[in-house]
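Computed from a predicted model, the values in this text were never measured in an experiment. Any value given below was found using the heavy atoms of this structure, including those in side chains, with hydrogens, waters and symmetry copies removed.
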Amino acid sequence: MSPYAAGRRSVHRSVAAGVPLALLAALTVAGTAVGAPSGEARVTGSATLGDIPLGTFSNALLPGTVGDDRGVDLGGIGSDIYPAGRKGEFWTVTDRGPNGQIKVAGEKRRTFPVPGFDPAIVRIRVSGGTVKVLDAIPITTSSGKPVTGLSNQKGRDEAPYSYDASTPLSYNPNGLDTEGIVRAEDGSFWLVDEYGPSLIHVSARGKILTRYVPKGLGLTGADYRVVEALPAVLLHRKINRGFEGLAQLPGGDLVMAVQSPLSLPDTDAGEESLTTRLLRFSTKKRAVTAEYAYRFDPVSVVDPSEDDTSELKISSVVAVGRDRLLVEERTDKAARLQVVKLTRGADILGDKWDDDTTSPSLEQLDDPAASGVPVLRKRLVVDLGTVKGVPGKIEGVARVDHDTLALINDNDFGMTDGPEAFDAQGRLVDSGIETTVTYVRLPRGI
């Protein structure tokens with residue numbers, strides 16, 4: 001994915017019914033099956049996305065939004081993956097766009113090298129070793145303007161800066177850090193976001209219909225409908241650790257996963273905790289109807305190379321039955337997939353654990369079950385860290401059939417942190433990490 005290679009690949013326009021513009025691009029890479037002993041999970045194929053200049057991609061959807069892409073190619077579509085109804089085709093979603101961190105005077109600053117980038121829903125096709133972009137839908141406000149990926153609120157979200165962390169950028173209440181995606185029967189989409197955290201209902205053409213946020217968030221100035229319908233306790237989410245996983249149950253209900261334990265009552269408690277939360281949302285009632293406590297395995301179990309508990313995250317949840325979920329516990333290097341069953345007896349919605357004055361908090365309990373908390377029971381399906389050929393930072397999981405999963409990684413648009421991310425001319429020094437869809441066969445299914 002070198003931005004300096006002669007002739008960066010072009011994006012060709014075409015028109016698709018119900019979609020603003022379709023974008024076509026591909027890079028052919030030999031798809032291979034990685035060998036594994038009989039009876040073990042194994043990679044049966046992988047495919048890679050080619051180089052698509054980010055400015056070309058963005059401006060084809062919303063002309064004039066990106067003046068300088070700084071040599072960045074399309075990436076970040078690995079925030080989630082959802083079956084699109086045809087073999088090898090999936091819906092994916094970008095996150096807020098290229099971003100990084102640079103330390104200035106001992107303080108970490110959040111950079112947005114391409115501030116005009118607008119998050120998008122991207123339809124892809126996997127064929128052999130190739131990932132092709134079929135369609136792309138920009139996420140827009142009620143009036144059709146780009147939402148952007150910029151931070152929402154001063155004092156709550158990280159202050160946005162230019163690519164070199166030297167110039168402050170403006171906050172944008174419309175901004176979204178989109179992550180999980182599912183598609184409803186009527187063709188609309190549901191997304192989750194890390195800023196609010198929030199649940200977003202988006203039309204088939206990408207316009208935001210409603211953004212559901214925690215009670216008391218006080219988000220003003222957005223050019224779309226904002227409804228405070230989520231538990232207020234979510235206001236204690238860690239920065240950059242809001243909702244990341246989203247599943248759609250067979251009956252239409254949604255399940256959202258808080259990526260990491262809440263900072264309750266403080267940052268230290270959240271960093272050390274192993275307990276996060278899942279929420280069930282009724283699309284008919286437009287309300288949260290249940291909440292569940294989910295307990296991570298120790299970080300050394302998930303990732304033997306890691307000893308920092310705060311690196312644990314839930315990045316994907318997938319419905320695998322009426323009330324069963326596949327839950328991904330991960331660090332940036334490893335991941336394990338667990339199955340849980342959502343039962344009425346495990347519901348803690350409205351309990352004392354939703355009161356942020358409760359002491360100790362749910363997050364502070366060393367053994368929540370011993371304190372009477374009905375923690376979800378889980379069963380390990382596969383340790384992806386032991387499966388040869390699975391890339392790091394898997395953020396999206398889709399069920400292809402009873403035995404096969406499709407995984408997609410977040411390549412962070414080829415960005416790294418620190419001042420070395422860009423050269424003296426302000427062009428990206430690409431990490432070389434590609435967006436890859438990987439198929440994994442499970443010998444015993446799910």
Side-chain angles (χ1 to χ4, degrees), residues 80 82 91 93 119 121 137 139-144 147 152-153 173-237 242-259 262 276-294 314 317-319 322-325 342-344 346-351 353-356:
D80 204 4
Y82 189 78
W91 292 104
V93 64
I121 296 166
I137 305 169
I139 301 171
T140 59
T141 68
S142 297
S143 59
V147 297
N152 292 168
Q153 297 174 299
N174 292 318
L176 297 174
D177 187 2
T178 43
E179 295 292 344
I181 181 172
V182 299
R183 192 168 191 243
E185 289 185 1
D186 64 2
S188 64
F189 297 92
W190 290 91
L191 312 170
V192 287
D193 150 80
E194 295 210 55
Y195 284 140
S198 53
L199 172 68
I200 308 124
H201 193 197
V202 178
S203 76
R205 293 182 178 271
K207 284 191 178 183
I208 294 179
L209 303 174
T210 308
R211 182 180 183 183
Y212 298 92
V213 301
K215 296 173 183 177
L217 180 64
L219 179 64
T220 60
D223 181 26
Y224 46 70
R225 183 170 179 250
V226 177
V227 176
E228 294 189 354
L230 309 182
V233 72
L234 297 176
L235 294 174
H236 295 277
R237 64 97 174 97
F243 292 142
E244 186 153 292
L246 177 65
Q248 183 172 231
L249 298 173
D253 280 5
L254 305 173
V255 180
M256 304 165 281
V258 182
Q259 186 179 10
L262 301 178
T276 190
R277 306 177 188 226
L278 306 179
L279 288 96
R280 186 167 183 158
F281 184 89
S282 169
T283 56
K284 296 177 181 177
K285 298 179 180 179
R286 294 296 199 263
V288 174
T289 57
E291 179 182 356
Y292 310 94
Y294 183 92
I314 291 179
V317 287
V318 181
R322 181 178 177 184
D323 291 300
R324 292 200 310 150
L325 286 181
L342 307 177
T343 64
R344 290 185 179 181
D347 183 9
I348 62 170
L349 182 66
D351 206 338
W353 309 115
D354 277 349
D355 182 346
D356 62 9

| message | Is there a side chain to side chain contact (heavy atoms under 4.5 Å, CB included) between Ile208 and His201? Walk through the geometry before answering. | response | CA-CA 6 Å; Ile208 294 179; His201 193 197; over 6 Å; no

Can you name the closest pair of heavy atoms from [X] and [Y] and give their distance?
| X | Y | value |
| --- | --- | --- |
| Pro197 | Pro214 | O-CD, 3.1 Å |
| Asn152 | Tyr195 | OD1-CB, 3.6 Å |
| Ser142 | Arg225 | OG-N, 4.5 Å |
| Ser198 | Phe243 | O-CD1, 3.5 Å |
| Thr289 | Ser282 | CG2-CB, 3.8 Å |
| Val233 | Leu262 | O-CD1, 3.6 Å |

| message | Just to verify, what does Glu179 make a salt bridge (Lys or Arg N to Asp or Glu O under 4.0 Å) with, not counting sequence neighbours? | response | none

| said: My understanding is that only residues two or more places apart in sequence, or in another chain, count here; which of them pass salt bridge (Lys or Arg N to Asp or Glu O under 4.0 Å) with Asp223? | reply: none

| said: For Ile181, is there any backbone N or O sitting under 3.5 Å from a side-chain donor or acceptor partner on Asp80? | reply: yes

| query | Backbone N or O of Gly216 within a donor-acceptor pair of the Glu228 side chain at under 3.5 Å? | reply | yes

| Thr210 and its side chain to side chain contact (heavy atoms under 4.5 Å, CB included) partner, picked from Val227, Leu199, Val226 | Val227

| note | The residue among Ile121, Leu209, Ile200, Thr178 that forms side chain to side chain contact (heavy atoms under 4.5 Å, CB included) with Phe189 is Ile121

| remark: Quick note, salt bridge (charged side-chain N to carboxylate O under 4.0 Å, His left out) partners involving residues 185-198, not counting sequence neighbours, are Asp193-Arg211

| field | Rounded distance (nearest 0.5 Å) linking atom CG of Leu176 with atom OG1 of Thr141 | value | 10.5 Å

| field | Nearest-0.5 Å distance that lies between atom CH2 in Trp353 and atom CZ in Arg277 | value | 9.0 Å

Taking distance alone, no hydrogens or angles, what donor-acceptor pairs closer than 3.5 Å link side-chain atoms of residues 245-258 to residues at least two apart or in another chain?
unit_1	atom_1	unit_2	atom_2	d
Gln248	NE2	Tyr82	OH	2.9
Gln248	NE2	Arg183	O	3.0
Asp253	OD2	Arg280	NE	3.0

| task | Please list, chain by chain and in numerical order, all residues satisfying side chain to side chain contact (heavy atoms under 4.5 Å, CB included) with Ala287, sequence neighbours excluded. | result | Lys285

| message | Set out, in order, the CA-CA distance, both residues' side-chain angles and the distance that settles side chain to side chain contact (heavy atoms under 4.5 Å, CB included) for Leu219 and Gln153, then state yes or no. | response | CA-CA 7 Å; Leu219 179 64; Gln153 297 174 299; 3.9 Å; yes

| message | Could you go through Ile314 and Leu278, starting from their C-alpha distance and side-chain angles, then the distance that decides it, and tell me whether this counts as side chain to side chain contact (heavy atoms under 4.5 Å, CB included)? | response | CA-CA 10 Å; Ile314 291 179; Leu278 306 179; 4.3 Å; yes

| request: List for me each residue that meets side-chain hydrogen bond (donor to acceptor under 3.5 Å, both in side chains) alongside Thr220, sequence neighbours excluded, and say none if there are none. | output: none

